[in-house]
Amino acid sequence: MKIGIVCASDDELVPFLAMIDNCKITERAMLKFYEGQICDVQVVALFSGVCKVNAAIATQILIDLFEVNIVINAGTAGGMNPKRRIFDTVISTETCYHDVAQDILTEFHPWLKTVFFEADRELIKISERVVKEMEAKGKVFWGRIVTGKAFITDEGRKKINDEFAPLAVDMETASIAHVCYVNKVPFLSIRCITDTVEHNGVKNFEENCVEASMIAKDITVAVLKDYSRQHKLRQ
C-alpha cells in the first residue's frame, strides 16, 4: 500500500519532509517526488505548484508512475462560510469547480451524475475517528470545498457562496479529485484555513500559511496511520 500526498506549495510540503524516512527523490515533469516512509507507511509526497493543471499533472504521475493506492490533498484554503475561522480545518466530503460551466463534466467526459466529486467514504470515516482522538488547533469541519483559477478575496465571493455554499475554496482540490475519479483512486482533501471573509487577502494567507500547514499535516498523518492500521488488520 502506498499513499500519495499532494501539497500545492513548498510551505505546505515542508512539515511532511521532516517526517519521511529513507527518502528517495524522483524528478518528473519538473516536479520532485519524495518517496519513503512516514511512521512505517509508504508515501510519495510533493508540492505540485499552485493551480488546477499543476495539481492534475502531479496526481496523474503519482497514479501512473508510483502506483499510489490513495491520494490525500493536504494544505491550506480560504474560508468561505462566514462561521469558519482562521486555523479551522475543512475535510472534503465533496468538491467541484466554481469556474467551470456545470454541464461540461456531466454532458461530456467523465459524465458525472452531478458537478461534485465525492471524497472516499472510508477516508472520511477515518478522519472523523482520528480527529476525535487528537487535539488539533482550531475546529474541524466536514463539507464542500470548491476550486477555481483565482485566489478569492472579496471579488466573486458572493457568487460562489450563493451558487455552491462551500466551507472553503482553493485552486487545486477539485482537479486532484477529478484525476482520482477517472482513475478510480480513493481521494480526500484536508485543508486548514488561512484567510476568511473577515480577514481576507494574500497577506493573511502568507502570515498563516506555515502554521496552517502544520495543522493539516498533523491530521493527514493521523489519517494515513489509521488507514494503514485498518488495512493491515484485514490482511
> Is the shortest heavy-atom distance from the side chain of Val223 to the side chain of Ile190 under 4.5 Å?
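Yes, at least one pair of side-chain atoms sits under 4.5 Å.
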> What I'd like to find out is whether the side chain of Phe16 reaches to under 4.5 Å of the side chain of Val221, using heavy atoms alone.
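Yes, at least one pair of side-chain atoms sits under 4.5 Å.
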> Does Arg129 have any salt bridge (charged side-chain N to carboxylate O under 4.0 Å, His left out) partners at least two apart in sequence or in another chain, and if so, which?
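Once residues adjacent in sequence are excluded, the partners of Arg129 under the salt bridge (charged side-chain N to carboxylate O under 4.0 Å, His left out) criterion are Asp226.
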> Scan residues 163-185 for pairs that pass salt bridge (Lys or Arg N to Asp or Glu O under 4.0 Å), counting only residues two or more places apart or in two chains.
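Checked against salt bridge (Lys or Arg N to Asp or Glu O under 4.0 Å) - neighbours excluded - the pairs reaching residues 163-185 are Lys159-Glu163, Asp170-Arg191, Glu172-Arg191.
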> Using a 4.5 Å cut-off on heavy atoms from C-beta on, say whether the side chain of Thr59 contacts that of Ile63.
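Ile63 reaches Thr59 side chain to side chain.
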> Would a single hydrophobic cluster contain both Met214 and Ile38, if residues Ile, Leu, Val, Met, Phe, Trp and Tyr are joined by side-chain heavy-atom contacts under 4.5 Å?
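Per the 4.5 Å side-chain linkage, Ile38 and Met214 are not co-clustered.
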> Do Asp21 and Gln37 have a side chain donor and acceptor closer than 3.5 Å?
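No, because no side-chain N or O of Asp21 sits under 3.5 Å from a partner of the opposite role on Gln37.
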> Does any non-hydrogen side-chain atom of Ile70 lie less than 4.5 Å from one of Leu123?
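Of all side-chain heavy-atom pairs linking Ile70 with Leu123, at least one is under 4.5 Å.
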> If you round to the nearest 0.5 Å, how far is CD of Glu118 from CD of Glu94?
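Going from the CD atom of Glu94 to the CD atom of Glu118 covers 6.5 Å.
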> State which residues pass side chain to side chain donor-acceptor pair (under 3.5 Å) with Thr76; sequence neighbours excluded, sorted by chain then number.
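Per chain and number, Thr76 pairs via side chain to side chain donor-acceptor pair (under 3.5 Å) with Glu12.
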> Just how far is it from atom CG of Asn54 to atom CG of Leu31, taken to the nearest 0.5 Å?
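These two atoms lie 7.0 Å from each other.
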> When clusters are formed from ILVMFWY side-chain contacts under 4.5 Å, directly or step by step, what else is grouped with Phe117?
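So far as hydrophobic clustering goes, Phe117 is joined with Tyr97, Val100, Ile104, Leu105, Leu112, Tyr181, Val182.
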> Look up atom SG in Cys96 and atom NE2 in His178, then write down how far apart they are to the nearest 0.5 Å.
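Between atom SG of Cys96 and atom NE2 of His178 there are 12.5 Å.
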> Which distance, rounded to the nearest 0.5 Å, do you find between the CZ of Arg28 and the CG of Asp64?
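Arg28 CZ to Asp64 CG: 11.5 Å, rounded to 0.5 Å.
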> Excluding sequence neighbours, so at least two apart, what forms ring pair (Phe, Tyr, Trp, His ring centres under 6.0 Å) with Phe66?
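Residues passing ring pair (Phe, Tyr, Trp, His ring centres under 6.0 Å) with Phe66: Phe33.
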> Identify the two heavy atoms, one from Thr220 and one from Ile72, that lie closest to each other, and give their separation to 0.1 Å.
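Looks like CG2-CG2, 3.7 Å.
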> Test your reading of the model: is there a side-chain donor-acceptor pair from Asn81 to the backbone of Lys83, 3.5 Å cut-off?
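Between the backbone of Lys83 and the side chain of Asn81 there is a qualifying donor-acceptor contact (under 3.5 Å).
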> I'd like to know if Val130 and Val71 are part of one continuous hydrophobic network [Ile/Leu/Val/Met/Phe/Trp/Tyr, side-chain heavy atoms within less than 4.5 Å].
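No, no single cluster joins them.
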> Before you tell me yes or no, could you show the steps for Ile5 and Val44 under side-chain contact (heavy atoms from CB on, under 4.5 Å), namely the whole-Å CA-CA distance, both residues' side-chain angles and the distance that decides it to 0.1 Å?
CA-CA 6 Å; Ile5 301 172; Val44 184; over 6 Å; no
> Please determine whether side-chain contact (heavy atoms from CB on, under 4.5 Å) holds for the pair Ser228 and Met1, giving the CA-CA distance in whole Å, both sets of side-chain angles, and the decisive distance to 0.1 Å.
CA-CA 8 Å; Ser228 176; Met1 185 192 66; 3.6 Å; yes
> Can you check whether Pro82's main-chain N or O pairs, donor with acceptor, with Arg85's side chain at less than 3.5 Å?
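The answer is yes, because a donor-acceptor pair under 3.5 Å joins these two groups.
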> In chain order, what residues pass the side chain to side chain donor-acceptor pair (under 3.5 Å) check against Glu211, with sequence neighbours excluded?
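If we apply the side chain to side chain donor-acceptor pair (under 3.5 Å) test to Glu211, skipping adjacent residues, the hits are Lys137.
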> Please examine the side chains of Glu122 and Ile126, heavy atoms only from C-beta on, and report whether any two atoms are closer than 4.5 Å.
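Side chain of Ile126 against side chain of Glu122, heavy atoms only: contact under 4.5 Å found.
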> Can you check side-chain contact (heavy atoms from CB on, under 4.5 Å) on Thr147 and Thr95, steps first, answer last?
CA-CA 7 Å; Thr147 294; Thr95 183; 4.1 Å; yes
> Through direct or indirect side-chain contacts below 4.5 angstrom among Ile, Leu, Val, Met, Phe, Trp and Tyr, which residues connect to Val90?
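Answer for Val90: Phe141, Ile145, Leu167, Ile193.
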> Excluding sequence neighbours, so at least two apart, what forms ring pair (Phe, Tyr, Trp, His ring centres under 6.0 Å) with Tyr227?
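Scan of Tyr227 (ring pair (Phe, Tyr, Trp, His ring centres under 6.0 Å), adjacent residues dropped) gives His231.
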> Taking all heavy atoms of Met134 and all of Ala222, pick out the closest pair and write down the distance.
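Scanning both residues, the minimum pair turns out to be SD-CB, 4.0 Å.
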> Could you list the residues that satisfy side chain to side chain donor-acceptor pair (under 3.5 Å) with Asp99, not counting sequence neighbours?
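Expected list: Lys52.
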> Indicate the atoms forming the closest heavy-atom contact of Ser48 with Ala58, along with that distance.
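That closest heavy-atom pairing would be CB-CB, 3.6 Å.
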> How long is the gap from NE2 on His98 to CG on Asn161, to the nearest 0.5 Å?
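One finds 10.5 Å between NE2 of His98 and CG of Asn161.
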> Assess the side chains of Thr173 and Ser189: does a donor N or O sit below 3.5 Å from an acceptor N or O?
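Ser189 and Thr173 do have a side-chain donor-acceptor pair below 3.5 Å.
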> Are Met171 and Val53 linked, directly or through intermediate hydrophobic residues, by side-chain heavy-atom contacts shorter than 4.5 Å (ILVMFWY only)?
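Hydrophobic grouping puts Val53 apart from Met171.
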> Same cluster or not: are Ile57 and Leu46 linked, directly or through other Ile, Leu, Val, Met, Phe, Trp or Tyr residues, by side-chain heavy atoms under 4.5 angstrom apart?
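Cluster IDs for Ile57 and Leu46 match.
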> Test: ring pair (Phe, Tyr, Trp, His ring centres under 6.0 Å). Region: residues 67-94. Which pairs qualify, not counting sequence neighbours?
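Found none.
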> For the residue pair Leu188 and Ser92, establish whether any side-chain heavy-atom pair is separated by less than 4.5 Å.
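Of all side-chain heavy-atom pairs linking Ser92 with Leu188, at least one is under 4.5 Å.
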> Work out which heavy atom in Ala8 is nearest to a heavy atom in Phe47; give both atom names and the distance.
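Result for this residue pair: O-CD1, 3.8 Å.
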> Is Thr114 reaching over with its side chain to a backbone N or O of Phe116, donor-acceptor style, under 3.5 angstrom?
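Yes.
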> Of all heavy-atom pairs between Ala216 and Gly75, which one has the smallest distance, and what is that distance?
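Where Ala216 meets Gly75 most closely, the heavy atoms are CB-O, 3.4 Å.
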> Are Met19 and Val68 joined in one hydrophobic group, where the rule is that I, L, V, M, F, W and Y side chains link up if heavy atoms are under 4.5 Å apart?
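Looking at the clustering, Val68 is in a separate group from Met19.
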> With a 3.5 Å distance limit and no angle check, can you tell me whether Asp11 reaches the backbone of Cys209 through a side-chain donor-acceptor pair?
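No, because the side chain of Asp11 does not come within donor-acceptor range (under 3.5 Å) of the backbone of Cys209.
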> Quick check: does any side chain N or O of Thr89 sit under 3.5 Å from a backbone N or O of Cys192, one acting as donor and the other as acceptor?
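Not a single qualifying donor-acceptor pair exists.
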> Can you find a pair of side-chain heavy atoms, one from Thr26 and one from Tyr34, that are under 4.5 Å apart?
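Side-chain contact under 4.5 Å: no.
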> So which pairs with a foot in residues 31-41 pass salt bridge (Lys or Arg N to Asp or Glu O under 4.0 Å), sequence neighbours left out?
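Non-adjacent pairs meeting salt bridge (Lys or Arg N to Asp or Glu O under 4.0 Å): Lys2-Glu35.
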> For Thr196 and Arg84, run side-chain contact (heavy atoms from CB on, under 4.5 Å): C-alpha distance rounded to whole Å, both residues' side-chain angles, the deciding distance at 0.1 Å, then the answer.
CA-CA 7 Å; Thr196 65; Arg84 301 291 72 82; 5.5 Å; no
> Report the residues that fulfil side chain to side chain donor-acceptor pair (under 3.5 Å) with Ser127, sequence neighbours left out, ordered by chain and then residue number.
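Side chain to side chain donor-acceptor pair (under 3.5 Å) check on Ser127 returns Trp142.
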> Using modelled atom types and a 3.5 Å cut-off, is there a donor and acceptor pairing between side-chain atoms of Asp88 and backbone atoms of Val140?
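Not a single qualifying donor-acceptor pair exists.
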> Would you check if Ile160 and Val146 make a side-chain contact, meaning some heavy-atom pair closer than 4.5 Å?
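Yes, close enough: below the 4.5 Å cut-off.
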